[in-house]
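A short worksheet on the structure shown next.
These numbers come from a predicted model, not from an experiment. We name chains A, B, ... by the order of the sequence lines, and we start the count at 1 in each one.
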Protein chains: 2
Amino acid sequence: MSNNNTGIDRRIRKSKKTLKESLISLMQTKDFREISITDIVELADLNRGTFYKHYQYKEELLEEIMEDVIADLILSYREPYKNGDTFTINELTASVIKIFEHVANYKNIYTLVLKSNALPKLHDRICNELKKLPLEDLEDYRPNPKINAELASSYQAYAILGMIIEWVNTGFTYSADYMAEQLLEIITNRPVNAVFKINHTFNDGQK
Amino acid sequence: MSNNNTGIDRRIRKSKKTLKESLISLMQTKDFREISITDIVELADLNRGTFYKHYQYKEELLEEIMEDVIADLILSYREPYKNGDTFTINELTASVIKIFEHVANYKNIYTLVLKSNALPKLHDRICNELKKLPLEDLEDYRPNPKINAELASSYQAYAILGMIIEWVNTGFTYSADYMAEQLLEIITNRPVNAVFKINHTFNDGQK
DNA sequence: CCACTTATTGTACAGATGTTCATTAACTAC
DNA sequence: GTAGTTAATGAACATCTGTACAATAAGTGG
């Protein structure tokens with residue numbers, strides 16, 4: 001077949017790259033809603049037809065920008081698992097830290113995109129990735145059989161997204177390490193004193 | 001001043017009502033993206049200028065539709081606190097159940113709107129309401145001072161949203177009671193066996 | 001280098017958007 | 001009921017959207 005390394009025609013690669021740069025550039029000073037496709041192609045110095053050749057609407061362009069970011073998110077949380085082939089808690093903790101470090105690395109784009117409210121699907125997209133994290137391992141080694149795994153997984157993923165969104169809203173006033181600490185703290189801090197129906201047996205097992 | 005009961009001119013009330021009905025009607029068969037403002041006003045049999053008199057764009061119309069729904073959400077979780085003036089765990093549990101019942105009551109609109117991906121702000125809007133729930137009370141009566149309240153609050157609110165979204169995605173195959181049970185189960189199920197750094201002391205306090 | 005493929009361009013067009021304005025109709029307060 | 005306010009209407013306009021098509025340029029594989 002063709003394509004030297006990326007798998008695409010160089011012209012496509014260039015056009016897409018320019019379009020992405022133009023949109024991000026425009027988003028620095030203009031609301032996403034106010035930016036027209038005409039604006040984007042004019043700044044990119046490309047024909048409007050070129051835009052429509054690759055994207056249906058500007059949201060799709062922004063989605064692709066975020067896919068690049070999410071690709072790095074995936075790399076980030078997988079990194080700690082690269083070397084070791086056996087699972088250890090430290091690797092998981094490291095993985096959690098890496099997620100927040102990743103967000104901090106891309107804080108400008110996360111702030112821009114999350115505050116622009118331009119991508120309704122982004123939350124779900126990020127959470128679908130977070131669900132792939134073996135966070136259940138953080139939970140309990142003898143999982144509660146009553147708990148619906150799908151619900152718990154969605155619960156956990158959106159919970160982390162919630163922390164990230166709060167982080168973004170504060171303008172990244174905390175460090176990535178602090179965020180990871182907080183997550184671990186929240187997850188491990190259980191209401192041993194909860195008043196209502198406690199059907200579980202709390203023991204201190206193989207601690 | 002004017003306005004008999006709602007605080008608005010009857011013409012406005014009628015126009016807005018008709019516009020909302022038209023949009024919801026169109027969303028039954030058409031993707032939100034595909035629906036034009038012209039479509040909406042034609043079905044509503046109103047002048048296009050009337051739309052622009054009240055809304056900037058169709059997302060704003062849908063937002064107002066959801067504000068009506070959220071108004072009921074607020075009523076729902078507050079209901080258990082109406083009569084009793086003292087706080088009890090049962091009221092809180094009841095409040096949690098009410099939230100899921102509310103979503104079940106509006107399952108059509110929630111499904112429609114969440115799957116349409118038309119309202120980026122909706123997640124945040126719902127979570128801001130959920131944050132007002134005293135869910136920390138479900139957590140621990142002697143709260144962990146290390147935990148950042150804002151982060152934990154956002155964590156918890158988005159977590160519940162995550163459950164709701166998963167619920168919507170399954171097509172409401174569970175009952176509202178089951179959802180409430182699951183939430184309480186997930187919250188109370190703590191990793192007493194967690195291997196990594198446990199700086200907390202687990203005691204069974206004033207149980 | 002050549003033959004082939006395909007991305008980009010320029011142009012055109014129907015429809016939608018967002019705004020303006022004068023006119024008409026409906027509502028409110030009294 | 002009347003006077004005053006304001007929402008709804010219809011028309012008009014510049015701009016943007018989404019699509020189509022033929023011509024051209026750029027890239028690919030051999």
Side-chain angles (χ1 to χ4, degrees), chain A residues 1-27 29-65 68 116-120, chain B residues 1-27 29-65 68 116-120:
Chain A
M1 104 178 349
S2 62
N3 22 67
N4 34 355
N5 51 354
T6 56
I8 335 174
D9 191 311
R10 183 194 297 156
R11 288 170 294 182
I12 301 181
R13 220 162 50 237
K14 279 188 182 176
S15 294
K16 285 193 167 189
K17 186 164 177 284
T18 313
L19 288 170
K20 289 175 188 175
E21 287 167 354
S22 298
L23 176 54
I24 291 181
S25 170
L26 287 167
M27 285 179 75
T29 51
K30 235 182 177 180
D31 258 24
F32 183 76
R33 152 144 256 125
E34 309 293 329
I35 300 171
S36 71
I37 291 170
T38 304
D39 287 338
I40 299 171
V41 294
E42 273 177 5
L43 180 58
D45 194 27
L46 288 170
N47 190 277
R48 203 156 54 85
T50 303
F51 176 93
Y52 285 107
K53 179 92 187 182
H54 302 299
Y55 307 102
Q56 292 185 68
Y57 27 76
K58 55 184 180 168
E59 282 81 3
E60 205 166 289
L61 173 57
L62 189 56
E63 268 174 35
E64 199 168 288
I65 290 173
D68 298 344
S116 79
N117 285 117
L119 290 186
Chain B
M1 64 162 45
S2 62
N3 21 67
N4 34 356
N5 51 355
T6 58
I8 333 175
D9 191 311
R10 183 194 297 158
R11 290 169 292 181
I12 300 181
R13 220 163 49 237
K14 280 188 181 177
S15 295
K16 284 192 167 190
K17 186 164 176 286
T18 313
L19 288 170
K20 288 176 188 177
E21 287 168 354
S22 298
L23 176 55
I24 290 181
S25 169
L26 288 168
M27 285 178 76
T29 53
K30 236 181 178 183
D31 258 26
F32 183 75
R33 153 146 257 123
E34 309 294 329
I35 300 170
S36 71
I37 291 170
T38 304
D39 288 338
I40 300 171
V41 294
E42 272 177 5
L43 180 59
D45 193 28
L46 289 170
N47 190 278
R48 203 155 54 83
T50 304
F51 176 94
Y52 284 107
K53 179 94 187 181
H54 302 298
Y55 307 102
Q56 292 184 65
Y57 28 78
K58 54 184 180 168
E59 283 80 4
E60 205 166 290
L61 173 57
L62 188 55
E63 268 174 36
E64 199 168 287
I65 291 173
D68 297 344
S116 78
N117 285 119
L119 290 187

If I take atom [atom1] in residue [X] and atom [atom2] in nucleotide [N], what distance separates them, rounded to the nearest angstrom?
| X | N | atom1 | atom2 | value |
| --- | --- | --- | --- | --- |
| Glu60(A) | dG18(D) | CD | C1' | 14 Å |
| Tyr55(A) | dT17(D) | OH | C1' | 18 Å |
| Asp9(A) | dA26(D) | CG | C1' | 8 Å |
| Lys14(A) | dT28(D) | NZ | P | 10 Å |
| Glu34(A) | dC16(D) | CD | P | 12 Å |
| Leu46(B) | dA8(D) | CG | P | 8 Å |

Query raised in the report: Going 5' to 3' along nucleotides 11-24 of chain C, which nucleotides have protein heavy atoms under 4.0 Å from the base (write B), which only from the sugar-phosphate (write S), and which from neither (write -)?
Result: -B---SBBB-----
Query raised in the report: Who are the side-chain hydrogen bond (donor to acceptor under 3.5 Å, both in side chains) partners of Arg48(A), not counting sequence neighbours?
Result: none
Query raised in the report: Do the side-chain N or O atoms of His54(A) get closer than 4.0 angstrom to the phosphate oxygens (OP1, OP2) of dT8(C)?
Result: yes
Query raised in the report: Would you say Ser15(B) reaches dA7(D)'s phosphate, i.e. side-chain N/O to OP1/OP2 under 4.0 Å?
Result: no
Contacts under 3.5 angstrom, residues 17-27 of chain B side chains, donor-acceptor by atom type, not counting sequence neighbours:
unit_1	atom_1	unit_2	atom_2	d
Lys17(B)	NZ	Glu21(B)	OE2	3.1
Thr18(B)	OG1	Lys14(B)	O	2.7
Lys20(B)	NZ	Glu64(B)	OE2	3.3
Lys20(B)	NZ	Asp68(B)	OD2	3.1
Ser22(B)	OG	Thr18(B)	O	2.9
Ser22(B)	OG	Ala44(B)	N	3.4

Query - Any pair counted as side-chain hydrogen bond (donor to acceptor under 3.5 Å, both in side chains), so long as it reaches residues 37-47 of chain A, sequence neighbours left out - result: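 Counting only pairs at least two positions apart or across chains, the side-chain hydrogen bond (donor to acceptor under 3.5 Å, both in side chains) contacts touching residues 37-47 of chain A are Lys30(A)-Asp39(A), Ser36(A)-Asp39(A).
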Query raised in the report: What's the closest nucleotide to the Lys53(A) side chain, out of dC27(C), dA7(C), dG27(D)?
Result: dA7(C)
Requested in this report: Select one nucleotide: of dC27(C), dG27(D), dT9(D), the one nearest the side-chain heavy atoms of Arg11(A).
Outcome: dG27(D)
Query raised in the report: Quick one: does Phe32(A)'s side chain get under 4.5 Å of Leu119(A)'s, heavy atoms only?
Result: no
Report summary line: With sequence neighbours left out, the residues meeting salt bridge (Lys or Arg N to Asp or Glu O under 4.0 Å) with Asp31(A) are none
Query raised in the report: For Arg11(B), what residues pass the side-chain contact (heavy atoms from CB on, under 4.5 Å) criterion, not counting sequence neighbours?
Result: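 Applying side-chain contact (heavy atoms from CB on, under 4.5 Å) to Arg11(B) gives Asp9(B).
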